[in-house]
Structure formats: structure tokens, C-alpha cells
Amino acid sequence: MIFRRYNTSVLAVVALGLLLIYYYIRQPLILSPFGAKILANQGTTLALAALAQLVVVLTGGVDLSVGAVVSLSNCIAATYMGSHPASVIAVCVLTLAVGAGAGLVNGVLVAYGRIQPIIVTLATLYIFSGLALMVRPQPGGLVPPFYANALTGGWGYLPYAMVALFVMLFAVWTPLMRSRLGTAIRAVGDNPGGAHMSGINVPRTLILAYVMGGVFAAAAGLYLTAQTTSGDAAIGTSYTLNSVAAVVFGGALLGGGRGVAPGPVIAAYFLSIIISVLFAAGISPFYQSVFQGGILMVVLVFGNLWTLRTRNWLTILKN
Amino acid sequence: MTPETTGAGSLLEVRAITKSFGGVQALNAADFACDRGEIHALLGANGAGKSTLVKILSGVMAPDSGTIFFDGQEVTFSSPADAGAQGVATVFQELSLFAHLTVAENIFIGHEPLTRLGQVSGRRMRAAARALFDRLGIDHLNPDAMLSDLSLADRQLVEIFKALSRDPRLLILDEGTSALGRTEVERLFALLRKLKAGGTSVVFISHRMAETREFVDRMSVFRNGALVGTVAAAECSDEEIVEMMLGQRVEKSFPERSPLPAGAPVLLEVERMSDGSRLRDISLRLRGGEVLGIAGLEGQGQGELLLALFGAYRRLSGRVLLHGKPAKLSKPWIAKRAGIALIPEDRKTEGLVLPMSVRENVSMATLPAYGRFGFVSLKRERQFVAQMIARLEIKVGGMEQPARSLSGGNQQKLVLAKWLATGAEVFLFYDPTRGIDVGTKRAFYELIAGLARAGKGVIVYTTETSELAGLCHRVLVMDDGQMVRSLEGRDITEPKILAASFGLGDGAKPEKVPA
């Protein structure tokens, strides 16, 4: 019964499975320690960004500033990290704190400003992007090799990217979502009035959800820094909408209340790997976007067919 | 420092509570008292102020003035959380549940049992839920089931368990049993009596007086936002209660009912319509020129019936005949083409597109009629809209004015104009006069009577009993998705409609209907 909650992830699992099988047929080399590392590294930034988006979507909102926070943390990390392990750790902590602060701004504006989340985060998207540009007007920066290797290397078939992701999932995400806060976040997205009547502090819940989102977006930025070994104020842009796509693809409801981590994480890998697969399939880069969008559309329509069986169309249209 | 105290017997005492919404006085210096360890019923017609009182007692809204004493102390309930912390738990009329959470998560929301690491303990939560179920002798609920998979009755049980899980000193049930079956209600009251023996007080709002009366100690009757009186349940007759609820009526003027021609054709016939949950075995006939009223307490399936006739639901069982021919009303546009019009409950979201102009709203349903090849002739459209505005006497500055800027009554007329334009034969009205002023109401009554005179069939569901009594040729009373009574001719009186809705015996002495 409790597993029903995870049913919504099935679509993403099946899609990624089929994609990897096809990829393997085209390019058998992916089944090697090197191939596993490449695959894992490709999707981890988006997977973390998808978690950042998911926690906000669970409250019934949407966070357009995810990409800007990814850029901002990438710029801070690549600019101030230095090469001493102590300074690297200090800057990582600082970066996560900046992410939390960005989420706090979003959360306070949504909870107490009574402004639509999409508008709040659109405004902060510009602000955070601007801050990223102030930190790093030109792409560049310095990232020590041991930092890059610790996150993008691998040990046999175990990519360190997976270790990093699992640490974030099982040491941060799961404990938070299994606390009272986690239930409150889902309850607020499901039925805000009901949550208030049930004695839940709705504004506090919203703020903490956005803070948590900010931390995960900053973690995505830190991972991206290891991958690119440089800072770029424009690099995060694509993560905003792709994180929304991953969350929806992963079975969460944009209206809030429903969604679990595995779906969006797996969908993030699907969305990241598909570009390489299209390349391996010999599809001209000119048509890649069209195929990417087309495949996403087919998968989502397929996943939504069941809702059309409803008794009352009004319930569909109101969602 | 000695706070003002009340008599030792009262757990809760409310003095001179007043609350108004805009111009409407929902509570007007209302008093109410509930003893320790008693089951106390709140009674009153729709709009008497019961639900507002419950919302104040549960911290959902603050009163404009007045004082509340709880356990001898003067208190304020600043939020639902605050009321809960002070020992008041409420089962709300609009369910406060979460579709995507499990049964156990719903019950313990906000006070889940935790493990030592601060994580919600699923195991302890399930065990605690089962223990609650056992107290009520319920064995069919699975704590791990998703709420969205539950029937309405089971959801109501969950809502009750949710309130009980907080071990309240005062439990308020606001229509908490409307979806429960007879045996479940009996079990619930058996449990409430146990709680009562332990000193918990229960304030109970139910419209099913016939079913619940035997379990209740005292009853307080509300009318027009104030307490009429508190009586011992065993010492008061049905007639007396109906009389207290109705009181002295303000006579409203209704247009004269046109006589129903003897040979009027049957426009619409419904045979044994069911939707599996909210509509059960509904049969009705509507003749041309007839105004058919649908009565009953709120939420007994009246809205579902109108929506079903308008094609909003699929997979209905039973038959619908239009002009004697079977019709399959499976989509709103099919119903529209078949000549059925719905003036919906919520004109702001379902009836109109508020930012669009008066012209666009009126012509929306009939645009193809004013043009050719898919283009609209603005001139013909304007002519038509002007005609409608004149016919319905809609007060507008101009036809390009946005619909939002109109008063509620005029907005409602726009909805009607839109549907008149389609040439519909059957008009379904869903609570058409809610929230509109008296003058516009009167105009609306004229319109309904006018539709009937023109030979159209009208079905009206309204929460105002006086309107049913004043407008209808026939009134069908619904309860729990079923037609429980049909009133005709001189039987259509407010006391009889009210009595049938509450499941009481005839509110008035039976009158002989002349043959």
C-alpha cells in the first residue's frame, strides 16, 4: 500500500531503462567503469536541481530561480575556492548558506508577501543572476583538481557522482521529508486551507521548503563546478525549465501535494542523457531539440492517458 | 487577578458574539452554552449562523465582538492551532483532509508520533490509528490507504478520527455525519457517549435530526444569527423545533405562478439515474411550463444532479429522455446542443469570463450564429446583445464594459442572457439568488416565471426554502443522493419542505388536498 506513493515514478524508470538499453545497443562502451562515470556525471547536476524544484512544487509553487542559484553558487565556488582543502570546504559551506539565503528570500516573499511563487521567483531569478555576474563578470576561476576528482571520478563501476547524490538523498532529503516538516510540506501543497485548519503553520512550512530548495540548488551548482572546473554566470539558465520538466516527468503534480524523489531524479538522468543518445543515434545536432521535445511530449502524454478516464471533465480542467 | 468566571457546569459559554461579512450579519449577539460532558445539538435553517459559530469556536475566524469562556476562563482562539492546543477539536463541514496523504498521515497531521531521531514513526502512527479505529469498532479502514481512494463516508470517518486523535475536551462536529450510514452513526454516538462519560463535551450540528435526536442531551436552535432557545432533546416535539427554526417569516413577494396547462408536454424525463456515489436512483419528469424545485439540505446531491443533466459526468446509469426520445448527455456541449442550459453555482468561474466584456460574455455560447465562414459579424452580434440587455433589463454602462464591473445580480443576468440566446428549452438553475440583492432577486423570480410562461421547463435548486415555496409547481426533496419526497400544490409550504429536508415528520398538520 505504502508503495503506491512511488507508483508515480514508474514512468521515469521505464523511460530511462528503455533509453539505456537503446544507448547500449548503439554504443556498447557505456557498460564500462568509464561509461558509468560519464553517464552519472551527466545527470547529477540536473538531478540535484530537480530535487530543489520538487520540494517547492510539493508546496504547490514553482521555483524559476533554481537556474540562477545554480549559476550564483557556481560563480562563488569557482571564484573563492582556492586550492587549500580547508578553504575548499569553507567555500562549499558558504555556497550552501548562500543557497539557503536565496531560498529564504523566495520563501518569505511567497509566505508573507502573498505573491504568486512564479512571479516572486521570476524577480529573484534576475536578482540572483545579476549577483552571479557581479561575482564573476567573465567566465573563469580556479577549481583544484582534487575537488573535481572527488565529485566526478569513480571507483570501478561506482561513480563518485552517485555517492554525492546518495549522500544528499539519504543524509539530507529523506530525513527532512520523513520529519513532521515533510508531511507538512505535502499537506500545504495538497490543501492549504485544510493545513491551516489542521493547525499547521503554513507560512513557516513554505519558508522552510524554499530554503531547502535553495540548498539543493546550491548543491547542484557545487556539483556543476566540479564538472566544468570553472565559473560562468550564464551556465545555470537551462536548469530552471529542465528541473520543472524532470519534476513533472518524475510524477509530481504541479499543483502540489504529490511527488517523491526517485521519479524526478531518474527523469533528470533521462533528460540529461538523451542528448548523447540522440548523438549516438546519428541525429543531426540541428534536429536534436526537436527530438528532445518530441520524446518528452510523447512520454508525458502516455503517462497522462489514464486521467482522461475521469467521470467529470471539470475535475481535470480545474487541476 | 480574578478572571471573570462562569457557572461550574459550563465547559463553554459564548456571550453576545457578533460577526458580519460585508453587509450580512451572520451572528448577531448570539449566546450559547455547553455543559461539561454533554452532547449538545445546534439546529437552524441554512444561514442561521451555526457554521459561523463553529468557525469562531475552532479559531478559523475571529468574532467582531463578544466573549468566549472556556473552562471558566475568558479565552480567545486566535487560530485553529491555538484552539486545538486549548482542547477544542473540530470536524469541519468542508473536509480538511489531504488527498495525497495516507489515512494515518491525515489523522495525525501536525502531531505525528516520532522516533528518537525526530522522524515520523510510520509504525507507531499505524498502531495509534488502529487503536482509534478499534474504539469505534471500525475494521475496514487501512491506515496506509491513500485518502484519494476512499469513499466520501470513509473520508468523513477519517475526519472524525483526526479530531479524536487529539483527545479534545470539546469536540465539535459540523455536519460530520452527513455521509455516514445508519450503523456508522450509531457506532459514532456510542463512542461519543463514552467520551461524554469521560467528561468530554460534544457540540453537534447535524441536519438529520430524526436519526440523531435520540443521542442528544440538549438542543439549541439558531435563527438569523441569534439563539432562539435551548431545550432538552427529550421534551420537544418536531413541530416545536420547526416552528423555532422558522419563526416569524418576512413575506417575500413572488410573481404569480402560471397554472400548468393540463396537456403540457413532458420535456425531460430521467429514469433511475445513478452515478455510483452521490446520485442514487433518481427519477423525475419535467413538463413544459413547469418550475420544478429541488430541495434538501446542502450537499445532498442536488448539485451533482444538475451537473449530470448538463452532461458534466460520464458513466451514469439510467436513462434520460428529451421530448420523449432517449438522449445521451455525456458532454456539456452535447447537452447545450440538446437544448439544456445550466446557470451554474459559481457565476464568477463557471458562468462568466469576468475580464471579458458584456458583449463577449453574452454572445459566447452562440457566436457562430452572427457570422459566416467562421467570422463574426460585429454588427449583428451587437444588435443581438443590445436586444438581450433590453429584454433582461441588465444595468450596464455599455456593452464593452468588463463583466467584472457589474453587480452580482447583473452578472447573473448575463449568464442567463447567454443561455437564452442558445434557444434552450430546459433551464437548470443552481442556487441562482445566492449573494444578490433583494431587488435583483425579485427580478430573477420574474424571469423564472417568465421562462415557465413561455413554455420552457425550469429546474431550480436553491438553499432558500421560501423561494421554492414561492416559485415552484412541484418540489422534490433530496437526501443523501435520493429523492425522498415530492410535494405538490398546496403541500408546497416552507414548514413541509424544511421538515422533509430534516427527515422530520410533517412540520405542519396535514392538510386535505382537494381532489
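Computation of the quantities below employed the complete heavy-atom set of this structure, encompassing side-chain atoms and omitting hydrogens, waters and symmetry-equivalent molecules. Each chain gets a letter, A, B and so on, in the order the sequences are listed, and its residues count up from 1.
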Checklist outcome for this item: Of the listed G84(B), A99(B), A83(B), G118(B), the one with the largest count of heavy-atom pairs under 4.5 Å with chain A is A99(B)
Checklist entry - Which heavy-atom pair separates H100(B) from D190(A) by the least distance, and what is that distance? => result N-OD2, 2.7 Å
Next on the checklist: Report which part of L181(A) has an atom under 4.5 Å of a heavy atom belonging to chain B: side chain, backbone, both, or neither.
Outcome noted: neither
Checklist entry - Quick one: CZ on R186(A) to CG on L101(B), what's the gap to the nearest 0.5 Å? => result 5.0 Å
Checklist entry - Distance from T183(A) atom OG1 to E105(B) atom CD, nearest 0.5 Å? => result 5.5 Å
Checklist entry - Below 4.5 Å, heavy atoms only, C-beta onward: do M197(A) and T90(B) meet side chain to side chain? => result no
Next on the checklist: What I'd like to find out is whether the side chain of V120(B) reaches to under 4.5 Å of the side chain of R178(A), using heavy atoms alone.
Outcome noted: no
Just distance, no hydrogens or angles: give the donor-acceptor pairs under 3.5 Å from side chains in residues 302-309 of chain B, sequence neighbours left out.
{"from": "Q302(B)", "atom 1": "OE1", "to": "Q300(B)", "atom 2": "N", "distance (Å)": "2.9"}
{"from": "Q302(B)", "atom 1": "NE2", "to": "A295(B)", "atom 2": "O", "distance (Å)": "3.2"}
{"from": "Q302(B)", "atom 1": "NE2", "to": "L297(B)", "atom 2": "O", "distance (Å)": "2.9"}

Item to check | From F92(B) atom CZ to S198(A) atom OG, the distance as rounded to the nearest 0.5 Å | outcome: 8.0 Å
Item to check | Distance-minimising heavy-atom pair for S96(B) and G194(A) | outcome: CB-CA, 3.8 Å
Item to check | Separation of L97(B) CG from N191(A) CG (nearest 0.5 Å) | outcome: 8.0 Å
Checklist entry - Would the number of heavy atoms belonging to other residues, nucleotides or ligands and lying under 6.0 Å from CD1 of I334(B) be above 12? => result yes
Checklist outcome for this item: With sequence neighbours left out, the residues meeting ring-ring contact (aromatic ring centres under 6.0 Å, His included) with Y126(A) are none
